[in-house]
Undergrad: 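Take a look at this one; I'll ask things after.
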Amino acid sequence: MAKVIGWGIPKSKRSKAPFYTKNQIVTVFDQVAILLELDGANVFRVRAYQNASRALGQLEKDLFDLVSEDLLIQTKGIGKGLASLVKDIVMEGHWGKLGELYDKVPTGLVEMVGIPGLGPKRARTLFEELGVSSVDGLKIACEENLVAELQGFGAKSQKKYLDGIDLLRRNQGRSRLDIGLGFGIALRNRISKIPGVMEVELAGSARRRKETIGDLDLVVSAAPENQSGVIGSILGLPGIADVKGAGGSKISLILEQSVLVSDSSRGKLDKSLSEAIINRAQDSTIDAQIRVVSPEMFPFTLAYFTGSKEHNIRMRQLAIERGLRLNEFGLMPESLIGDLIGINAAAHSLICKDESQIYNHLGLDWVAPELREDNGEIEAAMSKSIPNLIEVTEIRGALHNHTTASDGQNTLEEMAGEARRLGWEYIGIADHSPALRIGGRSIGVDPDAVEIQASEIESFNRKMADQGDAFRVFHGSECDILPDGKLDYNEDVRGTFHHVIGSVHAINTWKSRDEQVNTDAMISAIEDPSFTVLGHPTGRVLQVREGFPVDMLQVIKRMGELNGDGYLKAIEINASPYRLDLDWRLCRTARDHGVPLLINPDAHSVEGLSDVSYGVDIARKGWLEAKDVLNTLPVEEIDQLLGG
DNA sequence: GCCGTTTTCGGCCCGACTGTTTTCAGTCG
């Protein structure tokens with residue numbers, strides 16, 4: 001069963017203020033919102049904690065500074081009460097009454113609300129009436145028919161919970177972006193071939209390109225007279241494991257692995273980790289919700305189910321301010337609809353032939369789905385300053401890739417060949433340094449072998465040049481940032497590389513240390529003159545482990561200062577689908593502090609190179625334009641940046 | 001618990017679906 005990881009109030013590792021970091025408080029406030037729901041608190045109080053967590057997470061300034069100067073209260077979403085609580089947490093290390101809340105609500109209830117169809121109210125009732133406080137306990141209670149006999153519950157609820165528990169075990173919640181997109185695009189392509197289907201689009205978190213996807217949402221348009229036929233054809237498609245529900249306009253399905261047309265396996269990190277991920281993918285199913293609507297409703301339904309929830313709330317508020325009502329059926333003037341609701345009111349909707357016209361009616365420019373998170377995009381769309389987001393076709397190369405010289409599957413020539421096939425102008429090789437040990441032995445390139453690799457690359461480049469081909473291979477290293485903040489290899493060896501990608505691999509050491517200690521070590525590595533790129537900055541592996549604690553804001557600020565001093569200090573968006581590290585929120589922060597970004601597939605095989613597309617997705621979520629991303633520079637400019 | 005060109009109280013986005021009841025609460029997106 002899904003374990004609740006990192007639950008509870010953290011213990012401070014500090015002896016003086018700040019006792020806790022912004023990230024720790026953000027996590028606790030998210031958890032408090034869940035606990036308050038389970039405790040039956042006022043829903044608006046719950047929302048206040050959710051909003052405060054969001055607000056803190058998006059702070060650009062240092063939390064300790066803001067608290068010290070009593071400026072936190074100026075942040076929208078943080079009022080008198082929470083500003084004073086945060087001050088106590090940061091300055092004194094005291095969490096007020098939050099500890100009591102954790103003690104009061106059994107952690108098992110938190111797992112229980114992960115069961116589809118079981119929310120906080122009913123979880124609480126089950127706890128109070130039956131003493132059920134865990135998923136396993138609920139399973140037993142259902143099997144003994146105790147749940148069906150409760151007031152307000154019944155046989156169907158009981159069965160739904162049992163099915164939900166089973167689904168949780170098989171499905172394990174969310175899917176990685178690459179896997180979710182694989183299912184989603186395959187399903188979209190199949191539906192698009194059904195006669196009578198006019199349009200079909202992926203909506204939901206897949207369209208917004210979140211790092212992980214809960215379930216798939218698709219919106220289909222068809223003329224009213226064809227809709228029932230289209231629904232029948234969708235239900236008859238191959239690869240459907242189960243139909244959870246099917247009505248006049250909505251279908252809910254569970255898809256089998258066989259829906260995936262292409263194999264989604266990608267490059268490898270290390271054998272055991274990669275096996276864990278592949279096993280997970282093969283067991284997994286994914287849920288899909290499909291809505292079939294008439295063509296005039298399609299843009300409204302698509303926008304509505306693309307979300308996010310937070311973005312939709314802002315959109316509806318803007319509609320209200322203009323005397324309009326916005327929902328999945330249309331955009332209706334309040335004056336015309338009177339008491340009509342839902343689909344009956346939609347007859348009075350303003351006509352919008354696509355999403356951009358909906359935005360225009362609300363005084364906004366169209367917002368790309370990737371930006372729809374209520375993370376400033378509404379304000380930008382209002383002032384016509386939505387950026388021109390980077391496209392995957394603008395990528396001309398990437399600098400972080402492995403070969404058989406360390407733990408890659410393909411040779412230098414094979415990797416370069418695939419890069420050229422993709423239309424790239426260059427590829428950077430960055431094999432591991434000797435400090436990285438897997439299975440008791442070093443898998444890195446020792447200093448003698450570095451010299452050999454350098455001459456291989458030199459002769460490859462000479463051969464290219466002789467053939468009049470401008471394609472280049474750059475010789476770099478993925479050089480370990482050691483726990484003390486020094487870089488692997490000695491200064492002379494590091495000086496021979498075109499680029500040095502500094503990465504943390506001793507995860508256990510870094511995970512058990514204080515955030516500021518890690519931050520100082522990372523900054524010290526970055527300050528080394530040979531250092532050019534920060535590799536997979538937070539060390540997270542999606543669905544496997546969280547990153548180590550580090551204050552990326554401090555790191556990014558220091559990198560920005562060093563760039564001002566004439567160095568190249570870039571930060572990597574690791575595009576490998578099991579990492580997708582950096583977080584998209586930090587992309588904007590880096591750009592705003594003058595730190596160039598680099599989308600790196602971290603490919604361990606030729607197939608892995610095309611993973612840059614997932615990095616582009618994250619870069620787009622992070623508001624990046626082509627000019628913010630080094631990969632879009634022509635090879636001559638990359639050559640100059642790396643010192644010729 | 002937050003917020004205010006309806007500013008210190010009374011709001012806080014909107015609607016469908018489900019299962020349980022027979023008018024509605026809970027859940028979901």
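Letters A, B, ... mirror the listed sequences (proteins, then strands); counts begin at 1.
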Undergrad: Among B:dC3, B:dG19, B:dC14, find the nucleotide with the atom closest to the side chain of A:Lys160.
TA: B:dG19
Undergrad: Which donor-acceptor pairs under 3.5 Å do side chains of residues 141-157 of chain A form with protein atoms, sequence neighbours excluded?
TA:
residue	atom	partner	partner atom	Å
A:Glu143	OE2	A:Lys139	NZ	3.2
A:Asn145	OD1	A:Gln158	NE2	2.9

Undergrad: Please list, for nucleotides 27-29 of chain B, all pairs of protein and nucleotide N/O atoms separated by less than 3.5 Å.
TA:
residue	atom	partner	partner atom	Å
B:dT27	OP1	A:Gly119	N	2.8
B:dT27	OP1	A:Gly119	O	2.9
B:dT27	OP1	A:Arg122	N	2.9
B:dT27	OP2	A:Lys121	N	3.0
B:dT27	O5'	A:Gly119	N	3.4
B:dC28	OP1	A:Gly117	N	2.7
B:dG29	N2	A:Tyr304	OH	2.4

Undergrad: Please determine whether a side-chain nitrogen of the Lys or Arg among A:Arg588 and A:Asp592 lies less than 4.0 Å from a carboxylate oxygen of the Asp or Glu.
TA: no
Undergrad: Tell me the salt bridge (charged side-chain N to carboxylate O under 4.0 Å, His left out) pairs involving residues 211-237 of chain A, sequence neighbours left out?
TA: A:Glu211-A:Arg540, A:Asp217-A:Arg291
Undergrad: For A:Tyr20, which residues count as a ring pair (Phe, Tyr, Trp, His ring centres under 6.0 Å) partner, sequence neighbours excluded?
TA: A:Trp95
Undergrad: Who pairs with A:Arg322 by side chain to side chain donor-acceptor pair (under 3.5 Å), at least two apart in sequence or on another chain?
TA: none
Undergrad: Under the salt bridge (charged side-chain N to carboxylate O under 4.0 Å, His left out) rule, what pairs show up with a residue in residues 346-355 of chain A, not counting sequence neighbours?
TA: A:Arg207-A:Glu355, A:Glu355-A:Arg372
Undergrad: When we call it a touch if two heavy atoms are under 4.0 Å apart, what does A:Ala33 touch: a base, just sugar-phosphate, or nothing?
TA: nothing
Undergrad: Output the residues of residues 42-63 of chain A in contact with DNA chain B, where contact means a heavy atom of the residue under 4.0 Å from an atom of the strand; sort by number or write none.
TA: A:Asn42, A:Phe44, A:Arg45, A:Arg47, A:Ala48, A:Tyr49
Undergrad: Protein-nucleotides 5-7 of chain B N/O pairs closer than 3.5 Å?
TA:
none

Undergrad: Scan residues 137-150 of chain A against DNA chain B and write down, sorted by residue number, each residue with any heavy atom closer than 4.0 Å; if none is found, say none.
TA: none
Undergrad: Under the ring pair (Phe, Tyr, Trp, His ring centres under 6.0 Å) rule, collect the residues that match up with A:Tyr49, sequence neighbours excluded.
TA: A:Phe29
Undergrad: Output every pair passing salt bridge (charged side-chain N to carboxylate O under 4.0 Å, His left out) with a member in residues 84-103 of chain A, not counting sequence neighbours, ordered by first then second residue.
TA: A:Asp70-A:Lys87
Undergrad: Distance-only criterion, 3.5 Å: show the donor-acceptor pairs between side-chain atoms of residues 377-385 of chain A and protein atoms not counting sequence neighbours.
TA:
residue	atom	partner	partner atom	Å
A:Glu377	OE1	A:Asp374	N	3.2
A:Glu377	OE1	A:Asn375	N	2.7
A:Glu377	OE2	A:His311	ND1	2.7
A:Glu377	OE2	A:Glu373	N	3.1
A:Glu377	OE2	A:Asp374	N	2.6
A:Glu379	OE2	A:Arg314	NH1	3.2
A:Glu379	OE2	A:Arg314	NH2	3.0
A:Ser383	OG	A:Glu379	O	3.2
A:Ser383	OG	A:Ala380	O	3.4
A:Ser383	OG	A:Ser385	OG	2.9
A:Lys384	NZ	A:Asp365	OD1	3.1
A:Ser385	OG	A:Ala380	O	3.3

Undergrad: Quickly work out the A:Lys80 NZ to B:dC2 P distance and round it to whole Å.
TA: 10 Å
